[in-house]
Protein chains: 2
Amino acid sequence: MKLTSKGRYAVMALVDLARFDNINPVSLRDISLRQGISLDYLEQIFSKLKKNEIVKSIRGTQGGYVLNKSPNEIKLTNIFHAVDEKVKTVQCKKESKKGCNGKATKCITHNLWDELEVHINTFFENKSLKDLLNNNKETRV
Amino acid sequence: MKLTSKGRYAVMALVDLARFDNINPVSLRDISLRQGISLDYLEQIFSKLKKNEIVKSIRGTQGGYVLNKSPNEIKLTNIFHAVDEKVKTVQCKKESKKGCNGKATKCITHNLWDELEVHINTFFENKSLKDLLNNNKETRV
DNA sequence: TATAAACTTGACCATTTTAGTCGGGTATGT
DNA sequence: ACATACCCGACTAAAATGGTCAAGTTTATA
């Protein structure tokens with residue numbers, strides 16, 4: 001079980017954006033430099049964040065991205081969903097003759113994964129960008 | 001973020017084993033047939049479960065595997081650990097000049113992943129094989 | 001209005017992980 | 001003896017991951 005970099009990068013970039021987004025848009029180039037994330041990769045990530053209306057873009061010189069909602073409205077679950085980072089609990093093959101759906105012994109562990117999914121998603125639903133901002137201010141190095 | 005099949009299979013196989021393990025050992029062949037998991041793959045998994053003293057093996061005809069502990073002593077965290085299914089929260093590169101360790105803006109998200117890891121591990125530490133057995137007997141939703 | 005900064009889009013790719021398979025063993029009950 | 005079952009290491013196809021690259025379009029500003 002693992003968390004991928006894409007999700008981590010998305011969160012890092014948005015925290016960065018939230019901190020510097022006062023009036024002016026923040027360019028991906030700046031975020032790239034500050035966070036050490038490849039610019040090209042950031043572009044992919046922000047394309048998805050934009051589609052999911054988490055950020056807005058301003059094109060042209062002096063352009064960049066701004067948050068589309070206030071930090072406390074942006075839950076981590078929204079971010080992960082946007083970049084296709086989802087909690088996959090390895091579903092049983094739907095049409096398989098054996099294992100989950102075909103047999104008497106079907107899917108001993110189904111309930112378990114469902115429970116876990118809820119557990120994790122609850123965690124992410126209760127965390128917003130704002131929480132991370134605060135957290136980061138306090139533990140600033 | 002995802003859970004791999006290996007962890008799921010390990011849990012499924014152990015639940016199966018626990019249900020049929022009264023006096024006689026249970027062969028992987030039987031588990032393979034009942035659960036629809038490849039025999040060869042099961043062997044890999046059980047090799048690890050044995051190394052971690054979760055099961056014992058009996059060789060020869062009529063051989064098979066038996067639990068090495070009672071079901072309520074076997075926590076899911078033990079199982080996952082045994083088959084190398086660990087919660088990886090994508091550590092920041094230790095020696096990177098940028099990102100986590102080199103810069104002032106270091107690792108905005110570190111605390112988050114630590115928190116999540118604890119959260120998930122707690123879940124797995126509080127679940128034992130016995131819980132799954134009961135759950136399955138009652139066919140509860 | 002020329003230019004450069006910045007977003008936009010889509011294709012491409014190397015590496016790693018996953019989920020197995022395969023082929024040979026060795027031990028042991030009957 | 002022999003079938004059943006565990007044991008073990010090497011191999012591999014396919015998918016996911018974490019990017020890169022190329023070729024745009026838009027727009028502020030000098």
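None of the values given here were measured: they were computed from a predicted structure. Lettering of chains follows the sequences in order, A, B, ..., and the numbering in each one begins at 1.
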Exercise. Mind calculating the distance between CG (Leu28(A)) and P (dG19(D)) to the nearest angstrom?
Key: 15 Å
Quiz item: Does any non-hydrogen side-chain atom of Leu14(B) lie less than 4.5 Å from one of Leu67(B)?
Solution: yes
Practice problem: Starting from the C-alpha separation in whole Å, work towards a yes-or-no answer on side chain to side chain contact (heavy atoms under 4.5 Å, CB included) for Leu132(B) and Leu76(B). | Solution: CA-CA 10 Å; Leu132(B) 296 184; Leu76(B) 293 202; 4.1 Å; yes
Quiz item: Which part of the nucleic acid, if any, lies within contact of Val55(B), taking any heavy atom under 4.0 Å across all strands shown: a base, the sugar-phosphate backbone alone, or nothing?
Solution: nothing
Quiz prompt | Nearest-angstrom distance from the residue atom OH of Tyr9(B) to C1' of dA19(C) | solution = 8 Å
Quiz prompt | Rounded distance in Å - NZ (Lys50(B)) to P (dA27(C)) | solution = 12 Å
Exercise. May I have the step-by-step check of side chain to side chain contact (heavy atoms under 4.5 Å, CB included) for Asn68(A) and Ile74(A), ending in yes or no?
Key: CA-CA 9 Å; Asn68(A) 200 19; Ile74(A) 301 175; over 6 Å; no
Quiz prompt | Out of dA19(C), dA28(D), dC7(C), whichever nucleotide has its closest atom nearest the side chain of Thr61(A) | solution = dA28(D)
Practice problem: For Ile58(B) and dT28(C), give me the distance from atom CD1 to atom P, rounded to whole Å. | Solution: 11 Å
Quiz prompt | Between P of dT8(C) and CG of Leu39(A), the distance in whole Å | solution = 12 Å
Self-check item: Spacing of Arg29(B) atom CZ and Arg34(B) atom CZ [to the nearest 0.5 Å]
Solution: 10.0 Å
Practice problem: Mind calculating the distance between CG (Asn24(B)) and P (dT30(C)) to the nearest angstrom? | Solution: 11 Å
Exercise. Would you please test Phe123(A) and Leu112(B) for side chain to side chain contact (heavy atoms under 4.5 Å, CB included) and show each step?
Key: CA-CA 10 Å; Phe123(A) 179 82; Leu112(B) 175 66; 4.2 Å; yes
Self-check item: Donor/acceptor link under 3.5 angstrom from Arg59(B) side chain onto base of dT26(C)
Solution: yes
Exercise. Take atom CZ of Arg29(A) and atom C1' of dA4(C), then tell me their distance rounded to the nearest Å.
Key: 12 Å
Quiz item: Is a donor on one side and an acceptor on the other found under 3.5 Å between the side chain of Asn78(B) and the backbone of Lys75(B)?
Solution: yes
Got a list of protein N/O to nucleotides 11-14 of chain D N/O distances below 3.5 Å?
none

Practice problem: Look at the side chain of Asn126(A) and the backbone N and O of Thr122(A), then say whether any donor-acceptor pair between them is shorter than 3.5 Å. | Solution: yes
Exercise. Please work out which residues in residues 74-83 of chain A have a non-hydrogen atom less than 4.0 Å from an atom of DNA chain D and list them by number.
Key: none
Quiz item: Looking at Ser5(A), does any N or O in its side chain come under 4.0 Å of the phosphate oxygens OP1/OP2 on dG18(D)?
Solution: yes
Quiz prompt | Degree of bending in the helix from dT1(C)-dA30(D) to dT30(C)-dA1(D) once both end axes are built from five pairs, to 10° | solution = 0°
Exercise. Rounded to the nearest angstrom, tell me the gap between atom CD in Glu43(B) and atom P in dA19(C).
Key: 18 Å
Quiz item: Of all heavy-atom pairs between Val66(A) and Leu17(A), which one has the smallest distance, and what is that distance?
Solution: C-CD2, 4.3 Å
Quiz item: Among the nucleotides dA19(C), dT9(C), dG29(C), which one has an atom lying closest to any side-chain atom of Tyr41(B)?
Solution: dA19(C)
Quiz item: Any chance the side chains of Ser70(B) and Asn72(B) put a donor and an acceptor closer than 3.5 Å?
Solution: yes
Quiz item: Within the side chain of Ser32(A), is there an N or O that forms a donor-acceptor pair under 3.5 Å with the backbone of Ile37(A)?
Solution: yes
Quiz item: Has the side chain of Ser47(A) got a donor or acceptor atom that lies under 3.5 Å from a matching backbone atom of Glu43(A)?
Solution: no
Practice problem: Identify which nucleotide among dG23(C), dG19(D), dT8(C) has an atom closest to any side-chain atom of Asp40(B), counting heavy atoms from C-beta outward. | Solution: dG23(C)
Practice problem: On DNA chain D, check which nucleotide each of Gly60(B) and Ser47(B) is closest to and give me the residue with the more 5' one. | Solution: Gly60(B)
Practice problem: Tell me which nucleotide among dT21(C), dT8(C), dA6(C) gets nearest to the side chain of Ser38(B). | Solution: dT21(C)
Quiz item: In terms of ring plane angle, is the pair Phe46(A) and Tyr65(A) parallel, tilted or perpendicular, where the classes change at 30° and 60°?
Solution: tilted
Quiz prompt | Nucleotide nearest Tyr65(A) (side chain, heavy atoms from C-beta), chosen from dC7(D), dC7(C), dT28(C) | solution = dC7(C)
